[in-house]
Amino acid sequence: MGILNVTPDSFYDGGTLFVGQSVDKSKLLKRVEAMLDAGADLIDVGGESTRPGSDVVTTEQELDRVVTAVDWIRQHFDTIISVDTSTPEVMIESQKAGAGLINDVRALQRPGAVVAAKATGLAVCLMHMQGEPQSMQANPQYFDLLAEVETFLLKRIDVCAEAGIPKSQIILDVGFGFGKTLDDNLRLMRNLKRYCDLPFAHLVGVSRKSMIGTITGCEVGERLNGSLALAYESLCQGAKILRVHDVKETVDIVKIYTALHSG
Ligand code: 8Y7
């Protein structure tokens, strides 16, 4: 899954698709084409940065950024478009524009989100987060991290199933870096198999995240090697979707993993 940030302020590539205040269509399509050529199977379009301290985005802004991008991508490429959103209106309008997956870091907890997601008929990725993006890294605390993350995900699956979303359309994600200390992130990675063994595809997003910076001392631009190491570990433990900035490099390690583990 290649990351496409249509935000001016994302931590790695924020603003790179903008000319002035607006998203540049040809820059965006070139970025998508490059990720697809490199082997991406999905493109994850996000219009709201969840970086702590990032700008608050109105529904109108998010609709404008995300739905426009989905529309452009659909017109030019045959790929699965994922929308990184927690906003019911964005889910509905993105589906009409051709999206194939809802990626919600809030696991459909916003009012109206479960009903909207069900109405779209799309697959949904449910991610664990403690708190809200603005404050989640202030003081994350768990009594029993591994059990709490699993219980949360199972509860959200139940809520979705009760609303009529088929279990076969649900993807899970432990949510690396979302209300977690370095120690929490490492413990989740060491125990990722536990979550991948649940009967749902598991998505992992660790690309260039601060846990890599903390371990290696590298700034965000130098975190590719760390990202690939964690991506490989995720594959070994059973992850099925890797959400990444660096598609070519990640596809290479997926090929190595696949060659080693087939036959
Ligand atoms: C994740 C994510 C981000 C993740 C899923 C970043 C939108 C922060 N991270 N979605 N989104 N999983 N499912 O560093 O880990 O890219 S945004």
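Counting starts at 1 for both ligands and their atoms, in listed order. Computed over heavy atoms, backbone and side chain alike; hydrogens, waters and symmetry mates excluded.
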Tell me the side-chain hydrogen bond (donor to acceptor under 3.5 Å, both in side chains) pairs involving residues 156-166, sequence neighbours left out?
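Output for this query is empty, none listed.
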If a pair satisfies side-chain hydrogen bond (donor to acceptor under 3.5 Å, both in side chains) and one of its residues is in residues 122-134, list it, with sequence neighbours excluded.
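Qualifying pairs: R106-E132, H128-K180.
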Can you check whether [X] has an N/O within less than 3.5 Å of an N/O in ligand 1?
| X | result |
| --- | --- |
| G205 | yes |
| R243 | yes |
| D173 | yes |
| N103 | yes |

With no hydrogens and no angle check, do the side chains of [X] and [Y] hold a donor and an acceptor under 3.5 Å apart?
| X | Y | answer |
| --- | --- | --- |
| T16 | R31 | yes |
| D84 | S82 | no |
| T87 | R110 | yes |

Residue-level breakdown please: for Y12 versus ligand 1, do any non-hydrogen atoms fall below 4.0 Å on the side chain, on the backbone, on both, or on neither?
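The answer is neither.
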What do we get for L203 next to ligand 1 when only non-hydrogen atoms under 4.0 Å count, side chain, backbone, both or neither?
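The answer is the side chain of L203.
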Please state which protein non-hydrogen atom is closest to [atom] and give its distance, to 0.1 Å?
| atom | result |
| --- | --- |
| atom 17 (S) of ligand 1 | T50 OG1, 3.5 Å |
| atom 14 (O) of ligand 1 | F11 CE2, 2.9 Å |
| atom 7 (C) of ligand 1 | D84 OD2, 3.2 Å |
| atom 15 (O) of ligand 1 | K209 NZ, 2.7 Å |

Within a distance under 4.0 Å of any heavy atom of V105, pick out the atoms of ligand 1 and give their elements.
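By the 4.0 Å cutoff, the relevant atoms are 2 (C), 7 (C), 10 (N), 11 (N).
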Ligand 1 atoms in contact with M127 (distance to a heavy atom under 4.0 Å):
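Counting atoms of ligand 1 from 1, those under 4.0 Å from M127 are 4 (C), 5 (C), 12 (N).
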Can you measure from CG (L126) to CG (L172) and round to the nearest 0.5 angstrom?
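That separation rounds to 6.0 Å.
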R208 to Y12, cation-pi by 6.0 Å centre distance and 45° axis angle
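Checked: cation-pi criterion met.
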Look only at the side chain of Y195 and the backbone of L146, and say whether a donor-acceptor pair between them is shorter than 3.5 Å.
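Yes.
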